> 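Before anything else, here's the structure in question.
A, B, ... follow the sequence lines: proteins, then strands. Residue 1 opens every chain. All values below come from the heavy atoms of this structure, side chains included, with hydrogens, waters and symmetry mates left out. Please read these numbers as outputs of a predicted model, since none were measured by experiment.
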Number of protein chains: 4
Amino acid sequence: MITDSWRGFASDNYAGIHPEILAAMAAANVDHQSAYGDDVVTAQLQEAITEHFGPSARVFPVFNGTGANVVALQAMTERWEAVVCAQSAHIHADEGGAPEKMAGLKLWTVPGVQGKLTPDLIDTQVFDIGFVHRAQPTVVSITQSTEMGTVYSVEELRTLVHHAHVQGLLVHMDGARIANAAARLGVTLRAITTDVGIDALSLGGTKNGAMISEAVVTFSDDLAAKVPFLRKTSMQLSSKMRFISAQLLALLTDDLWRRNAEHANAMADRLAAGVAVIPGVTLTSTVQANAVFAILPAEVTRRLQERFHFYVWNHMTGEVRWMCSWDTTEEDVDYFVAAIAGEMSTAGA
Amino acid sequence: MITDSWRGFASDNYAGIHPEILAAMAAANVDHQSAYGDDVVTAQLQEAITEHFGPSARVFPVFNGTGANVVALQAMTERWEAVVCAQSAHIHADEGGAPEKMAGLKLWTVPGVQGKLTPDLIDTQVFDIGFVHRAQPTVVSITQSTEMGTVYSVEELRTLVHHAHVQGLLVHMDGARIANAAARLGVTLRAITTDVGIDALSLGGTKNGAMISEAVVTFSDDLAAKVPFLRKTSMQLSSKMRFISAQLLALLTDDLWRRNAEHANAMADRLAAGVAVIPGVTLTSTVQANAVFAILPAEVTRRLQERFHFYVWNHMTGEVRWMCSWDTTEEDVDYFVAAIAGEMSTAGA
Amino acid sequence: MITDSWRGFASDNYAGIHPEILAAMAAANVDHQSAYGDDVVTAQLQEAITEHFGPSARVFPVFNGTGANVVALQAMTERWEAVVCAQSAHIHADEGGAPEKMAGLKLWTVPGVQGKLTPDLIDTQVFDIGFVHRAQPTVVSITQSTEMGTVYSVEELRTLVHHAHVQGLLVHMDGARIANAAARLGVTLRAITTDVGIDALSLGGTKNGAMISEAVVTFSDDLAAKVPFLRKTSMQLSSKMRFISAQLLALLTDDLWRRNAEHANAMADRLAAGVAVIPGVTLTSTVQANAVFAILPAEVTRRLQERFHFYVWNHMTGEVRWMCSWDTTEEDVDYFVAAIAGEMSTAGA
Amino acid sequence: MITDSWRGFASDNYAGIHPEILAAMAAANVDHQSAYGDDVVTAQLQEAITEHFGPSARVFPVFNGTGANVVALQAMTERWEAVVCAQSAHIHADEGGAPEKMAGLKLWTVPGVQGKLTPDLIDTQVFDIGFVHRAQPTVVSITQSTEMGTVYSVEELRTLVHHAHVQGLLVHMDGARIANAAARLGVTLRAITTDVGIDALSLGGTKNGAMISEAVVTFSDDLAAKVPFLRKTSMQLSSKMRFISAQLLALLTDDLWRRNAEHANAMADRLAAGVAVIPGVTLTSTVQANAVFAILPAEVTRRLQERFHFYVWNHMTGEVRWMCSWDTTEEDVDYFVAAIAGEMSTAGA
């Protein structure tokens, strides 16, 4: 049993629902609405998506991030095709094999640089085109912000997408934490998706203050025509969809998405700054979103985990991950930093 | 555009969230909770499930009914096995092929009697056991209440499950509307599941006043051990699960599940009684849950659909389906009956 | 242990390899050839296919009929689509669920008339187009000759294919026994495929005297482009393909396919004529290919099965199936007819 | 068009059928036999398998190596489980994604040491056991001899299998070229399978002189009970199975498997010895089976490929693969070595 603060640093989905989002759900709870997305809230969401991503964007709410990824990638591939991604990608490492098991997707993985792909890394997997013995790579999937808490710059994205397109590859973005990326870069959501040529996006809301709210966003008619069928067969079509749409709509209203993400990012910065000066703790990844990765002694980790929720990321190196969320407070951070410092001071003593 | 009442009779998932359920979600929105089901609300839900279904029951919340069905049926089958169900079964007719596409399930269908299976109907599919050329039937899936608005009696269930078990078949119950069945029979949920020997249940909440809330309930250790993995790979694992659990928990509290279902059933009875006396309208299925099926002239249907949402069930016969929900009012029903009578009186004139 | 003739009537794949086919395989066994179909024999086979089916036809040898069907149907469908077929279709009844399990295919089945589909039967499954809740029917699969030993006429095929195409459906032909159909009709292979508008064919060789030899034949560039990848991912790509191609090539040479099929058909006619006059035996399907279906007393079937291999087709009605093959002799048939007559004469005595 | 010798070094499946195997197929072509494996030749094959592998071994002939692998791995895994293998493994690199696409298998890959796994490499993938977010590793798949032409020693196998079993993992061996390994080690087939504890084997015949002949061999009743169904649903069940069985039986008779493999290995040794002394050519992998890997200048490779069939293995390094087969002659090797030497002598000139 965790003995200390209940607002730990395990994950941004340990946090609850932002009040504005809960209020939006309650507001949508009026009278009847057509089921399965043919409702006025989902129509309003489409308008908001158009406003934020441009006229080519079409939104398809789903239940969770894995669902968004698997639906989007099915729409982007023929049955025999494959997806290039980083070894740290959520679709490879953290979805229980859903892409393979539900959609038959072959993933060609590369090591990644702090969670990011590069044109050169993509090229290592683009060979034997037309050769039936090799599952044909036709999609690149990147995560923004990455699973390692880093962020692709606009220029990195533009270069990578252009490189992929030149080779005939589509680009999928896993945007479970896209808000944190846009907030860090100080740009619009459109600037790192539509404007750099992303073909399909998994748009995340749950980790940024929603309850159950993700969506596939497509940027071409071809993909938009396929997603409705794939969403249904992939068990991702919500009957009372208005309540999912209401959550995403609330996030897109009055910049709530950015407010929440900026706050979480700022808390991660504060946490990183706090631990950086503790002797014996090493930060292992650039803090650009709401995650902090660090290596500290196993015994210290063990003692801290008796008081706070957080995960060991790599059991071999002792690397841990600390996530901040929309409701993390400065007091939470300072208290945690002090606890780390305290445990470190007695380590090995 | 529908010109008349916004509380139509299209589906029980056109209705919104019951206030007690929305309140329960808000109440669960306190501080952090471990994600993916390791939270106190889900623990409370398990206690409520144990209370309602007995100590063998284990609950695994998921997103929707299709997800519950596909997860449960995967747990009940080896890769080469098959499921016997009625042609009207939701898993066959209304899930876009999800059981086949996501889980490779072969469905052996039989016509059904007003949506129900019988031992004799099951027997028509149980042959060539051990013969590799035929996908091996090892599960029977029934729906309670059925897609045709009928209800299996306790005795029918006991006989059917016993018959299936004797032949080595497991029995799955699609309980998307199990509350309507138990309410109609005036029995507990346990009486039509645990006590008759059901092996796994898809427990529905969404159609009975919840927002997004279904669950797989297993009744054996063997199945319970498999579902967590299958729920994840099937993209049905919610990160902020406490909010799904809170909805089901609210339904199981103070008999809300029964109150909602009894009301919907009563409204269906009132509707059936009202239209039964309208000349030219024929009721086509026994009204035992919250659905009314009727045949009326195509032109009347067309005119009514300009004013009210509802679906044509069978385009060849002109059969329509009218669903009542937890928020259907007596006024809604009476107004609709009057509208039908009015349109019928001018039919063919 | 079977006590009587080793050339029974169980199946045409109990027979061995026709000498001309075995000789062709031996002749192909010279020196090295590129693997996986890039060999001179497969090139010759393509020429023969062009000659027999016209310039639009492209041949892709595979291992077995199930493989041919599953590869062809994958090429003809998007992931969310479905196939309309008869309940007696091999893809539904006899492939262990391979279409569902390997390719996620949903099959919409209809009863069939002696194994045949009709435009009206197809129409019963073509509804809710564009409606995501129903697996979208986009392919019709027919079997020629059918599993019930009947044959579609050229006119029936033309009408059915035209009807399907008008509705936007592609047509697949399971031609495991297409030779028997063409032989019975006295037409070319092209007359019942290319010329009536079939979109893809599973071309059978094994049941007509080959060892392991089937192929997908496509009639459009679009399908031809997909099959090579799907053949590989479906585990149907033979490394030493020249030996599969040699078998099909032998069948297409000097009309061996027709000679074998005509002989098998003639033996079925002789068998049907022989049993038709035995009191108490009822023929149940029109004999148009190499199969004879009949109902006889269960005890007689049991005694006959102690002496000869054959299958009970329907345990409820007592219907049995007798297959003739390329190597069935007139003596085999006459001996078997006499045996049936003998057993019948003592039945019930 | 290849201008030089038709017996090149591209692959051991460019070779044809060994005369003894073709003769065995012809000998099996007598009269009728029950289809799908219930024949006398397959029964004899089972006896030969028992003799070579011991009483626990059960044989299930299939069409090709991909089929054998995918069937075996399905039998060894639950739907949510995963397989640990080397990045060079055929199941990962060369099967077009069949394991993922047909069986939903997640592959956890590790770099491998000259194509081999080690206990330490396995351990890098065995973590998060019981954690639903990670596809659960429960099988290790190794290739013997490996895709890099190396061979696990008996001791290496014993250690690796023991290590896997202690951790609860089953071990699958891809034995597409197992004969080459046993021949090199001078041991029986049993010594490197049954006796070291292998749980399931893909037994290859095609690359060692057969036409179409592979098999799944299981070493437990549990796996043996599952394979027949999986073989059927995986489209790997041959109707006229006697002819596949006859080929494997011929290989197991009079040590043909060993004679063919020893010859191919000896030719690889001769080739390696020949090129080792050519300045500028670097051998890159230990020659332990019938493959030789070498790096030579790209321009030399290009010129040689105009005369001889062989593959570039790694386009980045210029590594090429030369395979010897049962019918490679000393003259073939010497002629090829001379050609390489000749082209090298003019390289860069």
Side-chain angles (χ1 to χ4, degrees), chain B residues 34-38 42 58 60-62 67 70-83 98-108 128-139 168 216 222-241, chain D residues 34-38 42 58 60-62 67 70-83 98-108 128-139 168 216 221-239 241:
Chain B
S34 292
Y36 301 113
D38 194 16
T42 303
R58 287 282 309 278
F60 302 93
V62 297
V70 172
V71 168
L73 293 173
Q74 282 178 283
M76 302 173 87
T77 52
E78 298 277 358
R79 295 176 198 267
W80 59 83
E81 294 179 343
V83 176
E100 290 88 350
K101 292 173 189 304
M102 294 297 116
L105 289 164
K106 176 82 183 184
L107 305 180
W108 293 116
D128 284 345
I129 302 305
F131 186 64
V132 299
H133 301 271
R134 185 158 193 272
Q136 298 286 293
T138 49
V139 177
V216 174
D222 176 54
L223 294 176
K226 294 178 178 176
V227 168
F229 294 101
L230 292 165
R231 177 174 57 176
K232 174 65 189 183
T233 61
S234 301
M235 312 177 286
Q236 290 292 314
L237 182 62
S238 175
S239 55
K240 298 184 178 176
M241 195 186 291
Chain D
S34 291
Y36 301 113
D38 194 16
T42 303
R58 287 284 306 279
F60 302 92
V62 297
V70 173
V71 168
L73 292 173
Q74 283 177 284
M76 301 173 89
T77 51
E78 297 278 358
R79 296 177 198 264
W80 59 83
E81 295 179 342
V83 177
E100 290 88 351
K101 292 170 190 308
M102 294 296 116
L105 289 165
K106 175 83 183 182
L107 305 180
W108 292 118
D128 282 345
I129 302 305
F131 186 65
V132 299
H133 301 270
R134 185 158 193 270
Q136 298 287 291
T138 49
V139 176
V216 174
D221 290 349
D222 175 55
L223 294 176
K226 294 177 177 177
V227 169
F229 294 100
L230 292 165
R231 177 174 58 175
K232 173 65 189 183
T233 62
S234 302
M235 312 176 289
Q236 290 292 315
L237 181 62
S238 176
S239 55
M241 195 186 290

> Going by atom type alone, with no hydrogens or angles, which donor-acceptor pairs under 3.5 Å involve a side-chain atom of residues 223-232 of chain D and a protein atom two or more places apart or on another chain?
{"unit_1": "D:Arg231", "atom_1": "NH1", "unit_2": "D:Pro61", "atom_2": "O", "d": "3.0"}
{"unit_1": "D:Lys232", "atom_1": "NZ", "unit_2": "B:His133", "atom_2": "ND1", "d": "3.3"}
{"unit_1": "D:Lys232", "atom_1": "NZ", "unit_2": "C:Asp94", "atom_2": "O", "d": "3.2"}

> How many angstroms lie between atom CZ of D:Arg134 and atom CD1 of D:Ile129, to the nearest 0.5 angstrom?
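Result: 7.0 Å between the selected atoms.
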> Please state whether the side chain, the backbone, both or neither of B:Gln136 comes within less than 4.5 Å of a heavy atom of chain D.
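For B:Gln136, the side chain is the part near chain D, not the backbone.
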> Check whether any side-chain N or O of D:Arg79 sits under 3.5 Å from a backbone N or O of B:Ala103 as a donor-acceptor pair, and report yes or no.
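A pair under 3.5 Å: yes.
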> Can you tell which of D:Trp80, D:Phe131, D:Tyr36 has the highest number of heavy-atom pairs within less than 4.5 Å of chain B?
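Greatest number of close heavy-atom pairs with chain B: D:Trp80.
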> Among D:Gly130, D:Ser234, D:Ala135, which has the most heavy-atom pairs under 4.5 Å with chain B?
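Most pairs with chain B among the choices: D:Gly130.
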> Quick one: list whatever passes salt bridge (charged side-chain N to carboxylate O under 4.0 Å, His left out) with B:Lys106, sequence neighbours left out.
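Only C:Glu100 meet the salt bridge (charged side-chain N to carboxylate O under 4.0 Å, His left out) criterion with B:Lys106.
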